[in-house]
Amino acid sequence: MTEAGLVHERLADWYAHAARDLPWRRAECSPWGVMVSEVMLQQTPVARVLPRWLEWMDRWPTPAATAAAPAAEILTVWDRLGYPRRALRLQAAAAAMVERHGGEVPTTAEELRDLPGVGEYTAAAVACFAFQRPEVVVDTNIRRVHARVFSGKALPGKTYTAAQRQLAREVMPATFDDDGALACTWNIAAMELGALICTARAPRCASCPVADLCAWRLAGSPPATEEEKTRGQAWAGTDRQVRGAIMAALRQGRPVLQWRLLDQLPLPEATAQQRLRCLESLVADGLAVRGISTDPEEPGETVIALPGLLDSPQDPSHQVLPASPGAQ
DNA sequence: AAATCGGGGAG
DNA sequence: CTCCCAGATTT
């Protein structure tokens, strides 16, 4: 296997001049800013996160501010980043920080891991990038870089295996407990290499600082096996597409009559059964709320809205429907 | 280990 | 058109 020491030096030098200037990487960025960026970046490219992160941090620059925001606004600012449950979990994580951590982002991976929406990757990333702790950070980019540089494979495969986790530990630079700088540089540099050079589709090996050390190149750049390829998730016709269309309609901001909402989805192929099933799942997830219209024009009609929009002083025309699972 | 959960830009 | 992106949670 390729020795890690020289790779550390090469990547650190490369990162020093090639790194993108992202706002959540700046020294003045708060731990909360790092936390917000990591959650937004889960399965979502940097280019699409940037504008949403800037608006979020402008409106809710602290966990306390985020925890106090109406859920409807949280989901509206999240916009079309995808997987909107992430937005609610980020708010729930903010609330947990207010309750259990004095309104501060916890500093250890163990504490971070206990927050809603924070898994192995995000806990390690926040601990490392916000608090300079020498955690082993492994995302999809780093898995791919490790697979190529150290294991000589084209792609790492779909699942994060125990062997890959062990490899990630082994190739970490030696660090002292009181100084995670080396580890942080290694993590962020490997991630950046995967994002800019060692890409999944068409790697730019001509510009790679470790091309001459890469086990995959030295093996002749063999193509990915069928096992290694990640088959893309289907999209057209899925519940995810229908749920997305419902959320897009609700993001317009006003409560909508349920029959009209489901009837006017721009998805001709979706059956009435699927539309209703998806709406139920969104309500179950807390992403939508059902209520009863008190509007004289259509009294008693079922209405749907983003959470927190019903029964407000600004809009007395609708009431929240008391929990009744069978309601339609 | 496998399914589910968004959305859009790049190839 | 297909692929893939700083994953987490549930089954």
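A quick note: this is a predicted structure, and the numbers were derived from the prediction, not measured.
- The CG atom of A:Asp239 sits 13 Å away from the P atom of B:dG7 (whole-angstrom rounding).
- Between the P atom of C:dC5 and the CG atom of A:Leu196 lies a distance of 13 Å, rounded to the nearest Å.
- If you measure from atom CZ of A:Arg240 to atom C1' of B:dG6, you get 6 Å, rounded to the nearest angstrom.
- Contacts of A:Ala200 with the nucleic acid, taken as non-hydrogen atoms under 4.0 Å apart, involve only primed sugar atoms and P, OP1 or OP2.
- Checked against B:dG9, C:dA6, B:dG7, the side chain of A:Arg201 finds its nearest nucleotide in B:dG9.
- Between A:Arg251 and the phosphate of B:dG7, there is a side-chain N or O to OP1/OP2 separation shorter than 4.0 Å.
- Checking C:dT9, C:dA6, B:dG7 against every side-chain atom of A:Trp235, the shortest atom distance belongs to B:dG7.
- A distance of about 14 Å separates the P atoms of B:dG6 and C:dT10, rounded to the whole Å.
- Here the nucleotide nearest the side chain of A:Gln43, chosen from B:dG6, C:dA8, B:dC5, is B:dG6.
- Between the CZ atom of A:Arg48 and the C1' atom of C:dG7 there is a distance of 15 Å, given to the nearest Å.
- With DNA chain C read from its 5' end, the first of the two nearest nucleotides for A:Thr199 and A:Ala123 is the one closest to A:Thr199.
- A sub-4.0 Å separation between OP1 or OP2 of B:dG6 and a side-chain N or O of A:Arg243 is present.
- Looking at heavy-atom distances under 4.0 Å, A:Leu81 makes contact with a base.
- Annotation: A:Glu269, atom CD; neighbour count of heavy atoms from other residues, nucleotides and ligands within 6.0 Å is above 12.
- Comparing B:dA10, C:dT9, C:dC5 against the side chain of A:Arg144 picks out C:dC5 as the nearest.
- Here the closest non-hydrogen pair linking A:Met35 and A:Val126 is CA-CG2, 4.0 Å.
- A:Asp79 has its CG atom 11 Å from the C1' atom of B:dG7, to the nearest Å.
- In this structure, the side chains of A:Leu167 and A:Ser151 come closer than 4.5 Å at one or more pairs of heavy atoms.
- Of the candidate nucleotides C:dA8, C:dA6, B:dG6, B:dG6 has the atom nearest to the side chain of A:Gln233.
- Of the candidates C:dG7, B:dG7, C:dC4, B:dG7 carries the atom nearest the A:Pro45 side chain, counting heavy atoms from C-beta on.
- If you measure from atom CD of A:Gln91 to atom C1' of C:dA8, you get 18 Å, rounded to the nearest angstrom.
- Comparing atom distances between the A:Tyr83 side chain and each of B:dG6, C:dC4, C:dA6 picks out B:dG6 as nearest.
- Applying the 4.0 Å criterion to OP1 and OP2 of B:dC5, one finds that A:Arg89 has every side-chain N and O outside that range.
- In this structure, the nucleotide among B:dG6, C:dA6, B:dG7 sitting nearest to the side chain of A:Glu38 is C:dA6.
- The nucleotide whose nearest atom lies closest to any side-chain atom of A:Gln42 is, among C:dA8, C:dC4, B:dG7, C:dA8.
- A:Trp14 and A:Ile142 end up in the same hydrophobic cluster when Ile, Leu, Val, Met, Phe, Trp and Tyr side chains are linked at under 4.5 Å.
- Distance CZ (A:Arg86) to P (C:dA6): 12 Å, rounded to an integer number of Å.
- Crowding of A:Glu111 atom CD: a count of heavy atoms from other residues, nucleotides or ligands under 6.0 Å exceeding 12.
- Of the candidate nucleotides B:dG6, C:dG7, C:dA6, B:dG6 has the atom nearest to the side chain of A:Thr44.
- Here the separation of C:dA6 from B:dG11, taken at their P atoms, is 14 Å to the nearest Å.
- Between the P atom of B:dG6 and the CE atom of A:Met40 lies a distance of 16 Å, rounded to the nearest Å.
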Salt bridge (Lys or Arg N to Asp or Glu O under 4.0 Å) between A:Glu120 and A:Arg113, worked out
CA-CA 7 Å; A:Glu120 180 178 354; A:Arg113 183 62 184 77; over 6 Å; no
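- A:Thr140 has no side-chain polar atom (N or O) that falls below the 4.0 Å cut-off from OP1 or OP2 of C:dA6.
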